[in-house]
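Here's the structure, in structure tokens; my notes come after.
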Amino acid sequence: MSLVDLANPTRFLALAGRLIPWLAGLTLALFAIGLALVIRSPADYLQGETVRIMYIHVPAAWLSMLTYGIMAVSALGTLVWRHPLADVAARAAAPIGATFTALALVTGSLWGRPMWGTYWEWDARLTSVLVLFIMYLGLIALWRTIEDPTRGARAAAILILVGTVNLPIIKFSVDWWNTLHQPASVFRIDGPTIDTAMLLPLAVMAFAFTALLATLHLAAMRNEILRRRIRALGLTAAGAAR
Amino acid sequence: MIAALGPYAGFILLSYGAAAVAALGLTLWVVLDHRRLQNTLAALEARGLTRRSARSAARLAPETPQETPT
């Protein structure tokens, strides 16, 4: 099945209906394995048991950016290819991305208090992630404000693409500026600096979160298609009543 | 068990609690929204409202053959 085939919402709904139960099962299995590995993972020699917050915080932070990346590709789909499901994908991803970003901010604060002595610092990494969260909220508000989905889709797509400038800022903020946040320790040119005993549970938890994102995104896209069908039927009914 | 998490157990448990609330909250939102939308769509279709594509598909579909008494 190609992207062109998936442009048909009915075909997409059928595919989503088949995939969602499998993805949900995969998510549960990955979380079960991941949490079992987290429980068995060693404490850090400096941070002690507090390092366990990493297995939640880091995947949430990665997914906050991955979700925005999905929205950016969808925005291109709306503006360049005019794919009928592109705006559906972007709109469905926004609340999920906002939640993952909020989770990254909350768990980061909860990790920061015992390790840095503060819940919050206006440094480059923390502030740029807060900006990402505000971008998500702004986009959700924009979609809700403009009633016509076509006009709303174009406006949101432009705003999403403008917001992508924040992604490299988030990623490289720890290298470009002095921040409390530690530099990258997994995605590095010279390889991860984390011990395998911690890297493995982190990787499994990251896959579990990614599977959760895929499941929720497909389900939210399915809902968005149904919402648009209901809107179209409502307009038909209103037109017939005149 | 909690004591084994050291002096910052509260921070660790709160983090995992927040993750559980986020994951379950999103799942609940998606499931309940789907149920509500399906009910609304079914109610509209019960009133005789159908999508243009569904109407044209019905027009193009071959008629169901009638059962013949044997």
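Below, read A as the first sequence line, B as the second, and so on, with proteins coming before strands; counting in each chain starts at 1.
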Would you say the side chain of B:Y8 lies within less than 4.5 Å of the side chain of A:R113, judging by non-hydrogen atoms?
no

Sort A:I230 into side chain, backbone, both or neither according to what part of it lies under 4.5 angstrom from a heavy atom of chain B.
both

Within 6.0 angstrom of A:W22 CH2, more than 12 heavy atoms from elsewhere:
no

Rounded at 0.5 Å granularity, tell me how far CG in A:N223 sits from CZ in B:R36.
8.5 Å

Measure distances from B:L14 to the heavy atoms of chain A and classify the residue's part below 4.5 Å as side chain, backbone, both or neither.
both

Please answer whether the main-chain N or O of A:R52 pairs with a side-chain N or O of B:Y16 as donor and acceptor at a distance below 3.5 Å.
yes

Any side-chain heavy atom of A:R222 within less than 4.5 Å of one from B:Q38?
no

Which bit of A:L103 is near chain B, if near means a heavy-atom gap under 4.5 Å: side chain, backbone, both or neither?
side chain

Search all heavy atoms of A:V106 against all heavy atoms of B:A18 and return the closest pair with its distance.
CG1-CB, 4.2 Å

More than 12 heavy atoms of other residues, nucleotides or ligands under 6.0 Å from CZ of A:R231: is that the case?
yes

With no hydrogens and no angle check, is any side-chain donor or acceptor of B:D33 less than 3.5 Å from a backbone partner on A:A220?
no

Please report the shortest heavy-atom distance between B:S15 and A:I56, naming the atom on each side.
O-CG2, 4.2 Å

